[in-house]
Amino acid sequence: MEHKTSEKLFACAQKLIPGGVNSPVRAFRSVGGTPLFIAKGEGSRIYDVDGNEYIDYVGSWGPLILGHRFPPVIEALREVLEIGTSFGAPTEREVELAELIRECVPSIEMVRLVNSGTEATMSALRVARGFTGRDLTIKFEGCYHGHVDSLLVKAGSGMATLGIADTGGVPEAFAATTLALPFNSIEAVEAAFRERGDRIAAVIVEPVVGNMGCVPPAAGFLEALRRITAQYGALLIFDEVMTGFRLALGGAQQRFGIQPDLTTLGKIIGGGLPIAAYGGRADVMSKIAPLGPIYQAGTLSGNPLAVSAGIAMLRHLKAHPEVYEQLERRTAQLTANPPAGITVNRVGSMFTFFFNPGPVTDWESAKRSDTGQFREFFHWMLEHGVYLAPSQFEAGFVSAAHSEQDIARTAEAARGFFASPDHRP
Ligand code: HOZ
């Protein structure tokens, strides 16, 4: 496969953009080689600027659950171009999107639209602090909640991929407001609350982690978070930027039957366009300006482009529950029978092949993966027309556009890798 045009573009980009990319993981630093510059996407496929075609399991990092250029989303975007792209004033469509979100995710009694997952988690934390009058937050090692100052502590995603333990530019006092505990350890959460329960405003968690690779919650873990936070008067925040509308119409909270106080949602509610949201209990959300004293704002929040695309996406998901059954089936097919020495974690249509005998249950176990082997696997798959996230510590996503043939072709490419004597784990 030739990547000459990508190489040329990357050389230019590196002179203009830090690392040549607008978000670090996509720079291919941990897998080596040149990031592919994408020319277009359609259904389950993406095409690079050199004309190569790939079955895509990144799906813009999750939101493209119906595939690239899903026709109703494209149609909604066409319609909105006729009326205007931003007003900085309310529109009818925002009310419809809020209503759809509330119907699908009942714990969200009120919702505020923002523009990125980072804004959503940052705002949810501020609201939790303002509501409780407390300053500390519990997060979990290997979870990633966007690049919010106080949450870049033992974070997953790019921080894990690039091996950055603590980011520069965050004053120690900010980081000190965060307690990072091992994911799936109820004991650690109990101990933290015993010691400092009167200061803990919130526990924020990816209910199924996607940002250290896919790591499911252990039986009873989410229930324990719900019980302990309620007992101490702290808020439970589910970061469903990846899992929302993906693991079920009502997200991970529906799948696991837990009702958080606040939820953050990401670009899936915009059909893949830049948008996000935070929402939850009405008594908590009522503290936000202009109703209450907690300030948060944004000119592009609720812009008609993202909102219209989101309405088209959520309407379709709501009307077609069979999408979730299909995703479950296809992803199970993709991840069946891993070779010895490889751990496959899967929840619904999120999955990771860990080059690690496992089990992988938290960051300590995830980071024992053989990233050198992953690197070879990644490039092998790319050469065989399969585009995976360029990091061992990111989840893969199957979309409704992935056909049985796509899955079979992907599984065959993976089998080819493991069958080759150089690659047997
Ligand atoms: N942090 C994102 C995934 N967890 C990746 C962002 C990107 O490169 O687009």
Side-chain angles (χ1 to χ4, degrees), residues 6 9-10 13-14 17-38 41 46 48 54 56-65 68 115-122 139-149 151-164 167 183 204-215 238-244 246-247 252 264-268 270-276 306 345 347 349-352 354 363 366-367 369 371 374 378 382 387-399:
S6 281
L9 284 170
F10 191 46
Q14 282 174 291
I17 306 171
V21 290
N22 284 308
S23 193
V25 183
R26 63 179 80 159
F28 277 34
R29 283 279 164 119
S30 70
V31 291
T34 304
L36 302 182
F37 281 65
I38 305 303
I46 53 172
D48 69 19
Y54 306 89
D56 177 26
Y57 291 96
V58 176
S60 193
W61 304 91
L64 300 184
I65 191 168
H68 292 272
N115 298 295
S116 72
T118 294
E119 251 189 271
T121 54
M122 176 187 75
K139 80 173 280 285
F140 296 95
E141 295 165 4
C143 284
Y144 176 74
H145 306 287
H147 57 97
V148 178
D149 278 342
L151 291 176
L152 285 178
V153 178
K154 298 199 176 161
S157 190
M159 298 270 288
T161 301
L162 300 172
I164 301 173
T167 173
F183 186 69
I204 186 165
V205 66
E206 296 180 74
V208 170
V209 189
N211 283 295
M212 54 175 143
C214 176
V215 178
F238 272 11
D239 180 346
E240 297 231 41
V241 165
M242 279 189 181
T243 54
R246 173 163 281 280
L247 296 187
T264 57
L265 295 167
K267 43 214 168 279
I268 197 163
L273 270 80
I275 191 174
N345 282 356
V347 181
S349 53
M350 291 169 67
F351 67 93
T352 300
F354 286 101
W363 175 236
K367 78 178 180 200
S369 303
T371 51
F374 173 81
F378 171 82
L382 211 56
Y387 188 76
L388 299 170
S391 165
Q392 170 72 100
F393 305 117
E394 296 282 357
F397 300 95
V398 173
S399 83

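Whatever order the structure lists ligands and atoms in, that order sets their numbers, starting from 1.
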In the protein, what heavy atom is nearest to [atom], and what distance, to one decimal place, separates them?
atom: atom 2 (C) of ligand 1; value: S157 OG, 3.8 Å
atom: atom 8 (O) of ligand 1; value: R26 NE, 3.0 Å
atom: atom 6 (C) of ligand 1; value: S23 OG, 3.3 Å
atom: atom 4 (N) of ligand 1; value: N211 OD1, 2.7 Å

Atoms of ligand 1 under 4.0 Å from any heavy atom of E394, numbered from 1 in the order shown, are 3 (C), 4 (N)
M242 heavy atoms within 4.0 Å reach ligand 1 at atoms 4 (N)
Honestly, for V21 the part within reach of ligand 1 (heavy atoms, under 4.0 Å) is neither
Closest non-hydrogen atoms of L247 and A252, given as atom of the first, atom of the second and distance, are CD1-CB, 4.2 Å
(message) What I want to know is whether W61 and ligand 1 share at least one N or O pair that is separated by under 3.5 angstrom.
(response) yes
is_close_aromatic(W363, F393), centroid dist under 6.0 Å: yes
Query raised in the report: Could you walk me through whether T352 and N345 pass the side-chain hydrogen bond (donor to acceptor under 3.5 Å, both in side chains) check?
Result: CA-CA 5 Å; T352 300; N345 282 356; over 6 Å; no
Q: Using modelled atom types only, decide if a donor and an acceptor are shared between the side chain of T118 and the backbone of H147 within a distance under 3.5 Å.
A: yes
**OP:** State, yes or no, whether a side-chain contact exists between F183 and E141 at a heavy-atom distance under 4.5 Å.
**Re:** no
Exercise. Using a 4.5 Å cut-off on heavy atoms from C-beta on, say whether the side chain of L36 contacts that of Y54.
Key: yes
